[in-house]
Amino acid sequence: MDEIVRQAVARAIMTMRDNLGDRLTIDDLARAAMFSKFHFTRVFLRATGLSPGRFLSALRLAEAKRLLVTTGISVADISHQVGYNSVGTFSARFSGSVGFSPTGYRQLRGMSPRIAERTGQPESEVAVRGHVWRPPGGDTGPVFVGLFPAKIAEGTPARYAIVPGAGQYTLTDVPLGSWYVIAHAYGAIPQDDRGPRPLTGLAGPVTVHRGVAASLVDVRLRPRHGFDPPVLLALPDLRQAQVRRPVAV
DNA sequence: TCCCTTCTGTGGTATACAAT
DNA sequence: ATTGTATACCACAGAAGGGA
């Protein structure tokens, strides 16, 4: 990636983080990056995998998740703090991305006992399998591996699995379509007083056709960096040594 | 009282395509 | 490489209604 583009995108993301509660438009962000809004949208998409609007929305919802779990602020106030003027819109967007309503998420303290998978699709009998590689210079705890339509872990995964650590994963009966493989885990050993280091991995898209037995997709775990959109979907607590798979694959 | 869901009109955004 | 146009789509605000 071009260094100028990289800096522009980093600046835009910093602007988003610093102004979550304000009304930010593509024009504002493009101006800060000194690109036309058209060019800005394209380079941003290339760098992060998400359009600026979706990335900003993801940051807002991630901050809302944090506030719900760590504070007692009302849902209405949180909605306002993270930039929504309408609690209805906030609640709908939060539920759609996280998998639980704001109060439901707060009651669960941010840890999901279950994850819904996409239903109602014709059975493809296609498996997606592969290897989750350990991050460079470290091991990992339990790994969430899910199939999503976009480069962000939000909404309903087409299929998912939680494997005990780096190694093989298999997802069976994957619905027809094009899916990104997103992995999420924590480093096995806490790096500092902030706790275990979050790890991420992205591969694909893998296109599942009828009549193909299996697709092989490997995923490499690495430390999260600033260009990675947050994980919005509520997951089981991957920091625990034992994670039971809530739904059989 | 607080929150969630659902609905509708509106405006911004995403993106294919064209131009420079 | 960068900017602009056209247009379909989606996220938004705001309101109504209902549940706890």
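Labels below follow one simple rule: chain letters A, B, ... track the order of the sequence lines, proteins then strands, and each chain is numbered from 1. Values reported hereafter were calculated over all heavy atoms of this structure, with side chains retained and with hydrogens, waters and symmetry mates removed.
- Atom CD of A/Glu154 is separated from atom P of C/dC10 by 13 Å (rounded to the nearest Å).
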Per-nucleotide protein contact string for nucleotides 13-20 of chain B, where B marks a base within reach and S marks sugar-phosphate only (heavy atoms under 4.0 Å, - for neither):
SSS-B---

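- Taking the six-membered ring for Trp and thresholds of 30 and 60 degrees, A/Phe35 and A/His39 have ring planes more than 60 degrees apart, a perpendicular arrangement.
- A/Asp228 has a carboxylate O that lies under 4.0 Å from a charged side-chain N of A/Arg222, or vice versa, which qualifies the two as a salt bridge.
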Heavy-atom contacts, protein to nucleotides 14-20 of chain C, under 4.0 Å, summarised as B (base), S (sugar-phosphate only) or - (none) per nt, yield B------

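- Considering A/Leu61, A/Leu59, A/Leu67 as possible partners of A/Val82, the one that fulfils the side-chain contact (heavy atoms from CB on, under 4.5 Å) test is A/Leu67.
- Relative ring orientation between A/Phe227 and A/His225 is described as perpendicular, the plane-to-plane angle rising above 60° on a 0-90° scale split at 30° and 60°.
- A/Phe40 places its CZ atom 17 Å from the C1' atom of C/dG4, with the value rounded to the nearest Å.
- Between the side chain of A/Ser91 and the main chain of A/Val87, no donor-acceptor pair closer than 3.5 Å is present.
- Checking C/dC12, C/dT3, B/dC3 against the side-chain heavy atoms of A/Phe35 singles out C/dT3 as nearest.
- Side-chain N/O atoms of A/Tyr84 include one lying less than 4.0 angstrom from OP1 or OP2 on C/dC12.
- Few gaps surround CZ on A/Arg224; more than 12 heavy atoms of other groups in view lie less than 6.0 Å from it.
- Of the possible donor and acceptor atoms, none in the side chain of A/Lys151 sits under 3.5 Å from a partner among the backbone N and O of A/Leu202.
- Using cut-offs of 30° and 60° for the angle between ring planes, the A/Phe94 and A/Tyr105 rings count as perpendicular.
- Nucleic acid contact class of A/Ser74 (heavy atoms, under 4.0 Å, all strands): sugar-phosphate only.
- Taking every heavy atom of residues 91-107 of chain A and every atom of DNA chain B, pairs under 4.0 Å involve A/Ser91, A/Ala92, A/Ser95, A/Ser101, A/Pro102, A/Thr103, by number.
- Between A/Arg66 and A/Glu63, at least one side-chain N (NZ, or NE/NH1/NH2) sits under 4.0 Å from a carboxylate O, which counts as a salt bridge.
- Inspection of the A/Asp28 and A/Thr25 side chains reveals an N or O donor paired with an N or O acceptor under 3.5 Å.
- Remark: the backbone N or O of A/Val217 is not paired with any side-chain donor or acceptor of A/Arg129 at under 3.5 angstrom.
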